[in-house]
Undergrad: 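Okay, handing you the structure first.
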Amino acid sequence: MEVDWNRIEEKWQRRWAESKVFEADPVPKGKRTGKKEKGLLVTFPYPYLNGRLHLGHAFTCLKADIYARVKRMQGFNVLFPFAFHATGEPIVGVAERVRKGDKEQIRILVRGGVPEEEIEKFKDPRYIVEYYRREAIEDVTRIGFSVDWRRQFTTIDPCYNRFIEWQYLKLRERGYVSLGTHPVIWCPNCESPTGDHDRLVGEGVSYVEFVLLKFELDGAFLMAATLRPETVFGVTNMWVNPDATYVRAKCNNEFWIVSEDAVPKLRAQGKQVEVLESFKGSFLVGKLCKNIVLGNKVPILPALFVNPSNASGVVMSVPSHAPYDWAAIKELRSNPALLNKYNVSVDVVKELKPISLIRTEGLGENPAVEAVDNAGVTNQLDPRLEELTKEIYKKEFHKGVLNENAGKYSGMPVRSVKRVLVDDLITENKADVMYECADTVICRCNTKCIVKILENQWFLRYSDPEWKEKVYRLLRMMVILPEEARNAFESTIEWLEDKACVRKTGLGTRLPWDREWIVETLSDSTIYMAFYTLAKYFNLFNIDASKLTPEVFNYVFLGEGSLEEVASKSGLDEALLETMRDEFEYWYPVELRVSAKELVFNHLTFFLFHHVAIWPEDKWPRKIGVNGMIRVEGEKMSKSKGNFITMREALNKYGADVTRIGLAYAAEELNDPDWRDKEVQGLKRRLEALYDFVVNLPPTKPLDREIDRWLRSRLHRRIKAATENYESLKTRSAIQECLFNIWNDLRWYMRRTNEYGDILREAVKTMVLLLAPVVPHLCEELWEKMGEKTLIVTEKWPEYDEKYFNDVVEGKEALLENLVNDIREIINVTGKKPTRILLFVAPRWKYRVLEEAVKEKEGLVKRVMQTPEVRVHGKEAVKYAEKLMKELPPVILTQEEELDAIKSALSFIGREFEAEVEVSLAERSTHEKAKVAEPLKPGIYIE
RNA sequence: GCCUGGAUGGCGGAACUGGCAGACGCAAGGGACUUAAAAUCCCUUGGGGGUCUUCCCCCGUGCGGGUUCGACUCCCGCUCCAGGCACCA
């Protein structure tokens, strides 16, 4: 039968709206008697409004919605709110591009479903927010998420701004926000940090910290840049690029010699640099400079591999451990002409001897010399040098130990020496640091980026050990679903450092004490779940944001201050303030927050940090659900791949319930859900079959045969399993239980009997109830079709009762199922068409042996052979006992039970095979098949 | 490179503390029903082999080793994939 999905979905969405079932308010104060009267707040991270919602949003949000619906049916007062994120750059960027008439941007918008006549209005970022908010509400409603819309907001609403201001004042007051200084990849042209998405070249490139070692030269320092400062003990000479331009500059209170390219970088990194003179690198070649760490003098030599635009443009030469250096020395030795050009005697180069300073298991005295010579490298620009460098460094870093040449550091592992050494050298004024991009980064404006140290920026002090300790404590108290995700939280907390929480551009809330800054987007989205509890009042009474002073939030969220004072100062009603306070207390803490795994490393962890910073323990969140990322037909979903599916498209094609079950069945835990049309169509057919079945449900009557008890037993086990699965967000397993498994049980039941007991109807009703959180529209319709007058969304969740679990009856059915399969197997193997089937139930003595085996396997054969009843069967008995030692049957029945089960199923078996069926006890027969009969494996003979 | 996960049939994926790998679904094939199709119902389906009446044997959970009576599961060493790596939502 065709199911009119559209009609059903619209009908029930209308009913839900009319009856306001999703509008959740606190239970009146006097009636909060038990756990179920305490509010349960279920949340989903609000989506960013730079486009339509897509299947990824739908997937995560559905997990939350299903949980909310289950809990609601279990009798909890559940609040599932929804809001919208607008803070940040991209929306402004879109508006900007539309304003400039960017054709590509407009094409993207139109292709994304924006009507041509709306485009003009997209010049205003606020309109974009408004537009996508409307679209999102339509999608969320159409997919049937059980949202209380009275509490919606966007992050650029004035009331929300006041809330963020309060939060940051609070964090600052408690010492969690402070001024800081931090290196960033920076575009000198745009004069702003260059994030990944702002780059033309160099996605994912970070910066590295070079150590600048000071080498004295004519009253100045030649600044050698290195990533391996420990090798200062093995320096034989210095390298400069003879063709590059170098400068002598006053840097802070010293004179430095660095490449010209390094000057703006040093300036960006907080150095006062004044260039005094500039010259070619060749000017330096041949001079001697002093290694102030060791006190010896080393020559400055020319090298082409030195890149003046990398770090300081000066490199120290450690031929023992650095392949480039050894290769360059070799090349100079074999090419005296080059040296003559700079008036350097070849002897200088010939006298250079590698100085080994690291001992590494598996590597020789001078690893670079050996590697370069073995590879036959003779040229310093040989591309293989890169590879050799990496190889040696990797080994030396992990296994290397500094040798006696390293002075007081000798004996230390390379792995741990760097930090100590650098700290020492800086303290002794023998070194400095310089940051450099790890690889080329080019901004979208086509400018090469550098590393800048941003000063006086506001930071969240996530590195604070006490703050971290509190978060660890919260984490230990929390339920993480699935548990495997806990590790990721732990390592994130550990790894987290101070984070800049403000920017200069984009939409958002201005920092209350420093209005040139805007609170950055991830930083304004950490505790807003609390805002849902109040947004209702802000929306309802259209409250003037200016009244929302910090005192108001202090009172409502923290219970600080006196009611009268807060009321008179803010101009808000005392009663309203008190109601808001109660509303917050009622819904908080957050019961569950569900998100995709990519947010563990930022948003979800920040969510924890800020909660412990603001609230006492009883307001800390309870559970976090983490899920995978959506894929489409096995591939990552992305706009560029052309496999991007918006919620709107899915809803138009499949309808709400099919989309829901398609997503809910696609994956659970950390697995990535895969949206496959074939799979979804299969589920749709299954739902249609269910509809058909329920609508044409055969009449039932009160019966209590074994098969009825069997179905009841199975049903109660399914209820238990499905409920547990739902509670741990395992929607896939839940669906398996309450759709497929119950369905298979019903099929078996209807195959086994022609007379249907009331339990059949009960099972179907239960199935509809259990499926309601996943496919709520269909289930409401079926519920009504079954003659129920209530709304299923608030109907009571089925409960299981272990007293109905019946192992014997289930064992009997399992026996019959196996028996039927075995008979079929024999028919298939022999190719006989049966007219008569003879069945033999195993002799009693075999049950005796089995009983003993179940009790204790050890010494089974010996033990049972002492029983006369068994011993008379001699070899046969030993054989059976030995078989049991290897493997026991999964269920255990007595001989009587088994005989009884088969007897009462004779007509069923006869129907299945269109043959006469007879059963007898093996001990009453001499038939060869009576001999092979075993408990749970009756002898079968087919005629 | 670093930090988290992960790798199981034609496909998506199960397997609790180490105990019969492949549950459940999809796809495919065969059959029943039907005027026909769809839907539904029943059956088969990891690979290979055998002396095939409820079977038996061999191989099989990314690769190479190890621990164990026994390993998808634990340990060591790799390979590949996904996500994250902070001034971005």
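Naming convention: chains lettered A, B, ... in sequence-line order (proteins, then strands); numbering from 1 in each chain.
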Undergrad: Looking at B/C26, B/U4, B/A89, which one has an atom nearest to any side-chain atom of A/A488?
TA: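 It is B/U4.
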Undergrad: Who are the ring-ring contact (aromatic ring centres under 6.0 Å, His included) partners of A/Y749, not counting sequence neighbours?
TA: none
Undergrad: Determine: side-chain N/O of A/K937 to OP1/OP2 of B/C55, distance under 4.0 Å, yes or no.
TA: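 Yes, within the criterion.
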Undergrad: Please name the residue in the list A/V471, A/L496, A/L460 that meets the side-chain contact (heavy atoms from CB on, under 4.5 Å) test with A/F606.
TA: A/L496
Undergrad: Are A/W743 and B/C41 close enough that a side-chain N or O sits under 4.0 Å from OP1 or OP2?
TA: yes
Undergrad: Can a salt bridge be assigned to the pair A/E724 and A/K730 using a cut-off of 4.0 Å between side-chain N and carboxylate O?
TA: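 No, no charged N to carboxylate O under 4.0 Å.
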Undergrad: Counting primed atoms plus P, OP1 and OP2 as sugar-phosphate and everything else as base, spell out the protein contacts along nucleotides 13-25 of chain B at 4.0 Å heavy-atom distance: B, S or - for each nucleotide, 5' to 3'.
TA: SS-----B--BBB
Undergrad: Name the closest nucleotide to the A/E484 side chain, picking from B/C11, B/C87, B/G6.
TA: B/G6
Undergrad: Of the listed nucleotides (B/G12, B/U4, B/G83), which one gets closest to any side-chain atom of A/R676?
TA: B/G12
Undergrad: Between NE2 of A/H603 and OG1 of A/T521, what distance do you get to the nearest 0.5 Å?
TA: 10.0 Å
Undergrad: Could you tell me the Watson-Crick or G-U partner of B/U40, where both distances fall under 3.5 Å? Say none if there is no partner.
TA: B/A32
Undergrad: If we call it a pair only when both distances are under 3.5 Å in a Watson-Crick or G-U wobble match, what pairs with B/A7?
TA: B/U79
Undergrad: If B/U73 has a Watson-Crick or G-U wobble mate with both distances under 3.5 Å, name it; if not, just say none.
TA: none
Undergrad: Thinking salt bridges, do A/E516 and A/R510 make one under a 4.0 Å N-O criterion?
TA: no
Undergrad: Tell me which nucleotide, if any, is Watson-Crick or G-U wobble paired with B/A21 when both distances must be under 3.5 Å.
TA: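 B/A21 is unpaired by these criteria.
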Undergrad: Considering only NZ, NE, NH1 and NH2 on the basic side and carboxylate oxygens on the acidic side, decide whether A/R751 and A/E912 come within less than 4.0 Å.
TA: yes
Undergrad: Under 4.0 Å between a side-chain N/O of A/R824 and OP1 or OP2 of B/U54, yes or no?
TA: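 Checking A/R824 against B/U54: no side-chain N or O falls below 4.0 Å of OP1 or OP2.
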Undergrad: If you measure from SG on A/C738 to CH2 on A/W743, what distance do you get to the nearest 0.5 Å?
TA: 13.0 Å
Undergrad: Give me the residues of residues 596-607 of chain A where at least one heavy atom lies under 4.0 Å from an atom of RNA chain B, by number, or none.
TA: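 Within this stretch, A/E598, A/F601, A/N602 sit under 4.0 Å of the strand.
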Undergrad: Going by purine N1 to pyrimidine N3 plus the second Watson-Crick contact, or the G-U wobble pair, all under 3.5 Å, which nucleotide sits opposite B/C2?
TA: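 The answer is B/G84, by the H-bond criterion.
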Undergrad: Quickly work out the A/D822 CG to B/C56 C1' distance and round it to whole Å.
TA: 15 Å
Undergrad: Side chain of A/E825: nearest nucleotide among B/U4, B/C55, B/C11?
TA: B/C55
Undergrad: Under a 3.5 Å cut-off for both distances, is B/U51 Watson-Crick or wobble paired, and to whom?
TA: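 Base partner found: none.
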Undergrad: Output the single nucleotide from B/C52, B/U54, B/U40 whose closest atom is nearest the side chain of A/V932.
TA: B/U54
Undergrad: A/W675 and A/Y654: ring pair (Phe, Tyr, Trp, His ring centres under 6.0 Å), yes or no, with the steps?
TA: CA-CA 12 Å; A/W675 180 265; A/Y654 303 94; 5.3 Å; yes
Undergrad: Which is it for B/G9, anti or syn, if anything within 90° of zero counts as syn?
TA: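 Glycosidic conformation of B/G9: syn.
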